[in-house]
Structures are given as C-alpha cells and as structure tokens.
A.B. asks: 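Okay, here's the structure, questions in a sec.
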Amino acid sequence: MEQKKVRIGFIGTGSIAHAHMRAYLKRTDIEITALCDIVPGKAEAFAKEFCIENCTFYESHEKMLDTEVLDAVSVCTYNAQHAAPTIYALNKGVNVLCEKPFSVTLDEAADMMRAEKASGKILSIGFQPRFDRNMKKIKEIVESGELGKVYYIQTGGGRRRGIPCNNTRLSFIDKETAGVGALGDIGCYSLDMVLNAIGYPTPVTVSGFVTDYFGKDPETYRYTGNDAELLANKFSVDDFSGAFIRLEGGVVIDFRIAWAMNINTPGDTIILGTKAGLRIPSTDCWNGTVGGEMTIYRHCAGSAVEYKIPLEKDDPKDGSLWDRKIGSFVEAVKNGTPSPIPSEQILKNQAIIDGIVRSAACGREVEIVMPEI
C-alpha cells in the first residue's frame with residue numbers, strides 16, 4: 001500500500017521560497033498542492049518555473065487555508081508578515097515551517113507560540129545552519145566539558161558590502177516589510193550558533209545599538225548598477241547592530257553583525273570557559289558554517305597549549321543544509337515528532353533581537369521579560 005504523501009502549501013513565493021521548493025522537490029513523499037502570494041500572478045509564475053502541476057493558486061492565505069486540506073505550509077513571506085499566516089495556519093490545524101527570523105517583535109513570536117501550543121501542531125523555524133556538521137561540533141565541544149564553565153562569548157559576522165537589495169528587491173531594506181535589517185537577516189543565525197551551543201539560557205538584559213550609515217548613503221550603491229538614490233531613500237532598517245547581552249547563569253555575549261562595514265570581519269567567534277577557550281574563525285559572508293579549523297586554547301602542566309579541531313565534511317548523501325532543514329520538518333510532520341528547531345528556543349533568540357531594537361531606541365540597557373506561553 002502506497003504511503004499517503006504530505007500535502008504542502010506555500011505562503012509567499014519570493015526568493016526564499018525557491019530554496020524551500022528545490023528541497024521539497026527532491027523528496028518523493030510530498031506533494032505541492034497550493035501556492036499563495038499577494039502579488040497577482042506571482043504564484044502561477046512560481047509554479048511554472050518549477051513545473052508544478054495540479055496546484056491551486058491563491059492571493060490570500062486565509063482563503064487558501066479555508067479551502068485546502070493541507071498537512072503543512074512553508075511561510076516564506078516578508079519578515080513583517082510571518083506572524084499572521086503562521087497563526088492562521090496553526091489555528092487551522094496545519095503544521096508550519098516559518099522562515100527566519102521568527103518574527104519582528106517578541107510579542108508576535110509569543111502569539112505564534114501560543115497558537116502552536118493550542119493547536120498541538122509543529123512550528124519549526126528556518127535555521128538550516130543547525131544541520132551543518134561543524135555547527136554541531138561546536139555544541140559537542142561545549143557539552144563535553146572541555147571548556148569548563150562558559151562565561152564570555154564574542155560572536156557576530158557580516159559583510160564589507162552586502163546589503164541584499166536592488167532596484168526591484170526592496171523588501172529587505174524597507175522597515176514596513178522587513179521590520180529589522182542585518183540584525184534579523186543574519187544576526188539571528190550568529191546568535192543561534194552560540195546560544196544553541198550553550199543550551200539556550202534565558203536572556204536577562206541587553207544594551208544594544210544599531211546604525212544605518214551605509215544603507216542611507218547613495219555611495220554604497222553607486223557602483224552596483226542600481227538606482228543609488230532610490231535605494232538610499234528607501235533604506236529604513238539597520239545595516240549594523242551591536243549589543244552586550246547578559247544571560248541567566250552568568251554568561252555574557254558581546255555581539256555585532258553587519259551588512260556593510262569598513263573592515264573584513266568584526267572578529268572571530270570566541271567562547272571562553274574556565275578550563276579552555278574556543279576560537280571559531282569567521283567567514284567573509286555569513287553562510288551557515290565556520291570559516292576554517294577551530295582552535296582550543298588551554299594550559300597543561302603550566303604550559304600554554306593549543307590544538308586544532310579539523311573541519312568535518314558533509315556527506316553528499318545528506319544533501320544541502322536546505323535539504324536537511326526541509327527533510328527534518330517533513331519527517332516530523334509524518335511521524336508526529338517534536339519540531340526539529342523548537343520555537344521555545346528561537347523565542348529567546350527573538351527576545352534578544354527585540355531587546356536590541358528597544359535598547360537602541362531608548363539609548364540604555366533594557367530588561368528582557370520572557371512572555372508567558
């Protein structure tokens with residue numbers, strides 16, 4: 001007897017949806033049955049690009065979810081539109097894979113989690129770097145006890161010039177659609193790398209700041225072939241963010257992330273413990289893995305020693321990070337197992353992002369109060 005396929009719908013068919021679709025189409029246990037996009041004709045063009053047949057198209061996620069019988073949806077909308085379709089889908093008893101960042105505000109993320117809890121369905125957040133072998137190695141090193149008690153972390157990353165926009169792609173830089181800039185786009189990944197490694201302790205306070213010097217400067221775009229004045233005038237989010245974050249258990253995080261800056265990197269990730277320290281080389285552009293062999297520093301019999309952690313190569317049969325993200329979600333839906341990227345963890349990630357934005361706005365340290373779910 002042939003196993004019933006998992007019925008998948010898409011809410012949003014923009015650029016990030018392409019990565020989802022490529023991964024879904026490598027599987028034989030799913031069928032794409034419905035596509036939704038608020039832009040007329042966009043969902044149809046998306047289906048044609050991927051040769052999707054026997055699919056129904058909608059311009060409203062409510063209409064799609066009211067009409068279709070779906071097992072799961074990928075929410076691939078603008079950041080500012082993550083919450084509404086996710087909540088609606090969960091209320092309809094449909095499992096959700098929501099792209100990162102979780103949302104724009106902590107309150108939105110909490111409402112999404114409340115809908116998840118009430119529905120009994122899965123809400124997974126799109127953090128594919130979790131599936132990288134070297135990312136997993138960072139967590140294994142910390143959990144092994146090799147570093148001792150972790151007390152200080154420096155992390156971040158970014159690009160010298162890498163604001164994700166052009167004349168027709170403005171959703172990343174417009175506050176109305178993006179909500180946040182570099183902080184939500186790649187900053188959430190950097191935070192997840194270290195928070196996941198140390199067990200996601202609850203954030204307590206944040207002192208943060210954000211800037212938009214490059215995004216609002218036409219010279220940033222002058223040599224890209226785009227309308228420099230248009231992009232500079234439209235830019236209304238952060239292109240650089242930094243923060244000092246205190247966590248429960250006495251751990252502090254020194255964090256910085258950038259879409260544009262006048263340096264090649266804001267620094268390697270460093271995890272300091274009472275027994276040893278770990279250096280994780282940065283990448284030229286945040287890409288979901290580490291930039292080279294990691295190094296552990298410690299003292300042995302009075303001598304300073306250090307040793308390398310060789311990079312692990314992914315097994316081609318496991319597919320790309322996107323394949324693994326989509327695959328883990330589909331398997332959880334099929335088997336009724338827990339979310340592969342638990343929302344209760346990413347809620348803390350969102351709380352830090354929310355805290356950085358609030359702190360920057362008021363110019364002082366702010367307290368983080370985790371909501372009741």
Side-chain angles (χ1 to χ4, degrees), residues 100 124-157 186-203 245 247-255 257 265 267-283 286-300 304-329 331-332 335 337-349 352:
K100 60 80 190 167
S124 189
I125 312 301
F127 280 70
Q128 67 276 1
R130 285 276 192 101
F131 300 96
D132 178 79
R133 289 193 174 190
N134 293 292
M135 288 292 186
K136 291 181 178 180
K137 178 61 68 173
I138 297 169
K139 185 174 177 64
E140 290 171 5
I141 291 169
V142 173
E143 291 182 340
S144 74
E146 181 71 9
L147 305 184
K149 173 182 166 50
V150 172
Y151 59 90
Y152 172 86
I153 296 171
Q154 170 186 295
T155 195
I186 52 179
C188 63
Y189 284 148
S190 180
L191 288 168
D192 186 67
M193 175 175 69
V194 294
L195 289 168
N196 184 50
I198 63 174
Y200 255 101
T202 300
I245 306 151
L247 310 173
E248 283 186 349
V251 183
V252 295
I253 298 178
D254 183 358
F255 165 78
I257 201 78
T265 173
D268 294 341
T269 291
I270 296 170
I271 302 178
L272 295 183
T274 53
K275 293 182 179 178
L278 174 66
R279 181 183 295 277
I280 305 160
S282 64
T283 56
W286 180 264
N287 61 5
T289 187
V290 303
E293 289 186 330
M294 295 181 281
T295 306
I296 290 180
Y297 301 82
R298 63 179 306 150
H299 266 68
C300 179
V305 297
E306 58 190 69
Y307 51 94
K308 301 290 185 180
I309 305 296
L311 285 177
E312 297 195 8
K313 293 183 178 180
D314 285 318
D315 191 328
K317 76 175 188 299
D318 293 333
S320 70
L321 295 183
W322 287 90
D323 295 338
R324 283 171 257 174
K325 175 172 77 171
I326 295 297
S328 68
F329 174 65
E331 290 298 324
N335 300 320
T337 50
S339 171
I341 308 292
S343 58
E344 59 265 25
Q345 292 182 351
I346 311 306
L347 185 69
K348 297 175 182 178
N349 189 302
I352 291 173

A.B. asks: Drop me the distance from I125's CD1 to S339's OG, to the nearest 0.5 angstrom.
C.D. replies: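 If we round to the nearest 0.5 Å, I125:CD1 and S339:OG are 7.0 Å apart.
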A.B. asks: How close do E312 and K137 get, heavy atom to heavy atom, and via which atoms?
C.D. replies: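 Smallest heavy-atom distance, with atoms named: OE2-CE, 2.9 Å.
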A.B. asks: For the side-chain contact (heavy atoms from CB on, under 4.5 Å) test, which of T283, D132, I138 pairs with V290?
C.D. replies: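 Only match with V290 under side-chain contact (heavy atoms from CB on, under 4.5 Å): I138.
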A.B. asks: Any salt bridge linking E140 with K136? Criterion: basic side-chain nitrogen under 4.0 Å from a carboxylate oxygen.
C.D. replies: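 The answer is no: the pair does not qualify as a salt bridge.
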A.B. asks: Please walk me through it: do R324 and D318 pass salt bridge (charged side-chain N to carboxylate O under 4.0 Å, His left out)?
C.D. replies: CA-CA 7 Å; R324 283 171 257 174; D318 293 333; 5.1 Å; no
A.B. asks: Looking at every heavy atom in both P342 and R130, which two are closest together, and how far apart are they?
C.D. replies: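 Closest heavy-atom pair between P342 and R130: CD-NH1, 4.4 Å.
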A.B. asks: Can you tell me how far the CD1 atom of I341 sits from the CZ atom of F127, to the nearest 0.5 Å?
C.D. replies: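 It is 8.0 Å, given to the nearest 0.5 Å.
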A.B. asks: At what distance, to the nearest 0.5 angstrom, does CD1 of I198 lie from NZ of K139?
C.D. replies: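 Between atom CD1 of I198 and atom NZ of K139 there are 9.5 Å.
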A.B. asks: Looking at every non-hydrogen atom in both residues, tell me the closest pair between S282 and T265 and how far apart they are.
C.D. replies: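 Shortest heavy-atom separation between S282 and T265 comes out as OG-OG1, 3.0 Å.
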A.B. asks: What heavy-atom pair brings P340 and A332 nearest, and what distance separates the two atoms?
C.D. replies: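 Residues P340 and A332, closest heavy atoms: CD-CB, 4.1 Å.
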A.B. asks: I need the I352 CD1 to T202 OG1 distance, nearest 0.5 Å.
C.D. replies: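 These two atoms lie 9.5 Å from each other.
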A.B. asks: When you measure from the side chain of N196 to the backbone of D192, do you find a donor-acceptor pair of N or O atoms at a distance under 3.5 Å?
C.D. replies: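 Such a contact is absent between N196 side chain and D192 backbone.
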A.B. asks: With rounding to the nearest 0.5 angstrom, report the CG to CG distance, L278 to L147.
C.D. replies: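 L278 atom CG to L147 atom CG measures 6.0 Å (nearest 0.5 Å).
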A.B. asks: Give the minimum heavy-atom separation between Q154 and D268, together with the two atoms involved.
C.D. replies: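 Where Q154 meets D268 most closely, the heavy atoms are NE2-O, 2.8 Å.
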A.B. asks: Measure from the side-chain N and O atoms of S190 to the backbone N and O of G156, and report whether any donor-acceptor pair falls under 3.5 Å.
C.D. replies: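 Yes.
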A.B. asks: Determine, step by step, whether L191 and I245 satisfy the side chain to side chain contact (heavy atoms under 4.5 Å, CB included) criterion, reporting the C-alpha distance in whole Å, the side-chain angles of both residues, the deciding distance to 0.1 Å, and the verdict.
C.D. replies: CA-CA 11 Å; L191 288 168; I245 306 151; 4.0 Å; yes
A.B. asks: For residues I253 and L195, determine if any side-chain heavy atom of one lies less than 4.5 Å from a side-chain heavy atom of the other.
C.D. replies: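 The answer is yes, as the side chains (C-beta and beyond) meet within the 4.5 Å cut-off.
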A.B. asks: Say you draw a straight line from CG of N349 to OH of Y189; how long is it, rounded to the nearest 0.5 Å?
C.D. replies: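 Result: 11.0 Å between the selected atoms.
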A.B. asks: Are K348 and L247 side-chain neighbours, meaning at least one heavy-atom pair lies under 4.5 Å?
C.D. replies: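 Not touching, per the 4.5 Å side-chain cut-off.
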A.B. asks: Would you find more than 12 non-hydrogen atoms of other residues, nucleotides or ligands less than 6.0 Å from K275 atom NZ?
C.D. replies: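 For K275, atom NZ is not crowded (no more than 12 foreign heavy atoms under 6.0 Å).
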A.B. asks: For a quick test of reading the model, state the closest non-hydrogen atom pair linking K149 to G249 and the distance between them.
C.D. replies: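 Answer, listing the atom of K149 first, then G249: NZ-O, 2.8 Å.
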